[in-house]
Amino acid sequence: MDLDDNARNLVQALTNGDAEKISTSRFSSLLASKDRDYLLSSTTQDDQVKISDLEGKVIGLYFSANWYPPCRNFNKVLIGVYEQLKSNGSNFEIVFVSSDGDLSAFNSYRESMPWLSIPFSDLETKKALNRKFEVEGIPYLIILQPDGSTLHDGVELIYRYGIEAFPFTEEKLEELRREERMKHESQTLTNLLTNPGRDYLLDQTMTRKVPVDSLIGKTIGLYFSAQWCFPCAKFTPKLISIYQKIKQSLEGKGGGVEDFEIVFVSNDRDQSSFDSYYGTMPWLALPFGDPIIRTLAKYFDVQGIPCLIIIGPDGKTVTKQGHRHELTLVSEGNGGGPFICCDCDEQGSGWAYQCLGCGYEVHPRCMRAVDPATAASVQHT
């Protein structure tokens, strides 16, 4: 057998069985240890799945922890997407990389997950994955493609596009971005706020129906808020005051009181909370539980509340930052004290970043500065 024969045999091997070994070695080097070549299944504590079974699939490495509220919130969303993709026969799998502090917390969290997991005891593999992918915060979802490419912003993509983001390739994401741009370019107030079964909004009486078309040509604020949200409860009275001043100003200029309006987009958990909270507001509202609410949150990429989106008279978005927190670093000695972080929901004390306008408070570790050169006051949306 000459050199050419060897070359031909190598090519044939790569296009047949040996290609699987070469490709699988990528996942093995990431997910296996010297004495483990399997992952834990979602079915039972001891059920095992060979890492080689992941060959040819799109893999999501999911860095998360039971103790962190944002992880638990995202976990519910991710489960819904995962189960839809699996029911569609998609070649997608998730591997949980735990940041929990003890086995009990790991087992409790894992019980809710329908995907695979790295054993809690394999600390070295988990540390190696965190170092390799430079994981600085959780939840964090990394997408590994069969062709070797990697995508790091899986959490944002799941929140923004859901199952539509699959298979998480650049081509698919560019297609979604293009569709999104087209939607924004053709955006009107009517297609934003109506659905086939409803073309109206509620007024303060919650009985009179105000046609959405009657708002066309006006400046509209979409106010994403909820009664359970402490920063919302602090900001809403301030927004009411601003709203009333704008109305008075428009009346004084002869422009009419209807040139500006706000529409409450509720994130409340039940009808009674919505009724109670909306009862304090002087503007219009989408009905509680309307499916458009979730669509709007995705469309405007609303990742936290309170959030105020401004729509211009032409029906196009003026700004997604109608309310922007101006955060000041405070301590117990200069206006701070014990607080509940509005980002992670954990109690804190000592230093915190606080919005003096609405009372929004956040741990220094949870704060993302917009301008790194700003020391005393930073922005957080």
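Just so we're clear, the structure is a prediction, and the values are computed from it rather than from any experiment.
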Open item on the list: Less than 4.5 Å apart, side chain to side chain, heavy atoms only: is that true for I142 and F63?
Closed with: yes
TODO: Please report the C-alpha distance between Q187 and L192 in whole Å, then the side-chain angles of each, then the deciding distance to 0.1 Å, and finally whether the side-chain contact (heavy atoms from CB on, under 4.5 Å) criterion is met.
DONE: CA-CA 7 Å; Q187 172 182 307; L192 278 179; 3.6 Å; yes
Open item on the list: Let me check something: do I143 and Y82 share a hydrophobic cluster, defined by ILVMFWY side-chain heavy atoms less than 4.5 Å apart, either directly or through other members?
Closed with: yes
Open item on the list: One pair to check against side-chain hydrogen bond (donor to acceptor under 3.5 Å, both in side chains): N75 and S112. What are the steps and the verdict?
Closed with: CA-CA 9 Å; N75 202 54; S112 69; 3.3 Å; yes
Task: Charged N-O contact under 4.0 Å between E174 and R181 - done: yes
- [ ] Would you please say whether a donor-acceptor pair under 3.5 Å links the side chains of D203 and T205?
- [x] yes
Task: Set of residues satisfying side chain to side chain contact (heavy atoms under 4.5 Å, CB included) with respect to T190, sequence neighbours excluded - done: T188, T194, D213, I216
Task: cation_pi(K126, F120) dist<6.0 Å, angle<=45 - done: yes
Open item on the list: Using every non-hydrogen atom in the two residues, find where C232 and A226 come nearest and quote the distance to one decimal.
Closed with: CB-O, 3.5 Å
Task: Option among L239, L201, V263, I220 that satisfies the side chain to side chain contact (heavy atoms under 4.5 Å, CB included) test with W283 - done: L239
TODO: Assess the pair Y109 and F96: is the distance between their ring centroids shorter than 6.0 Å?
DONE: yes
TODO: Assign the ring pair F274 / F288 to parallel, tilted or perpendicular, where the plane angle (0 to 90°) is split at 30° and 60°.
DONE: tilted
TODO: Classify the ring geometry between Y223 and F264 as parallel (under 30°), tilted (30 to 60°) or perpendicular (over 60°).
DONE: tilted
Task: Over all atoms of both residues, closest heavy-atom pair of P291 and N195 - done: CG-ND2, 4.2 Å
TODO: Evaluate side-chain contact (heavy atoms from CB on, under 4.5 Å) for I292 paired with R198, printing each intermediate quantity in order.
DONE: CA-CA 10 Å; I292 286 291; R198 180 191 50 75; 3.6 Å; yes
- [ ] Considering only NZ, NE, NH1 and NH2 on the basic side and carboxylate oxygens on the acidic side, decide whether K86 and E93 come within less than 4.0 Å.
- [x] yes
TODO: Sequence neighbours left out, what passes ring pair (Phe, Tyr, Trp, His ring centres under 6.0 Å) with Y38? Give chain and number order.
DONE: none
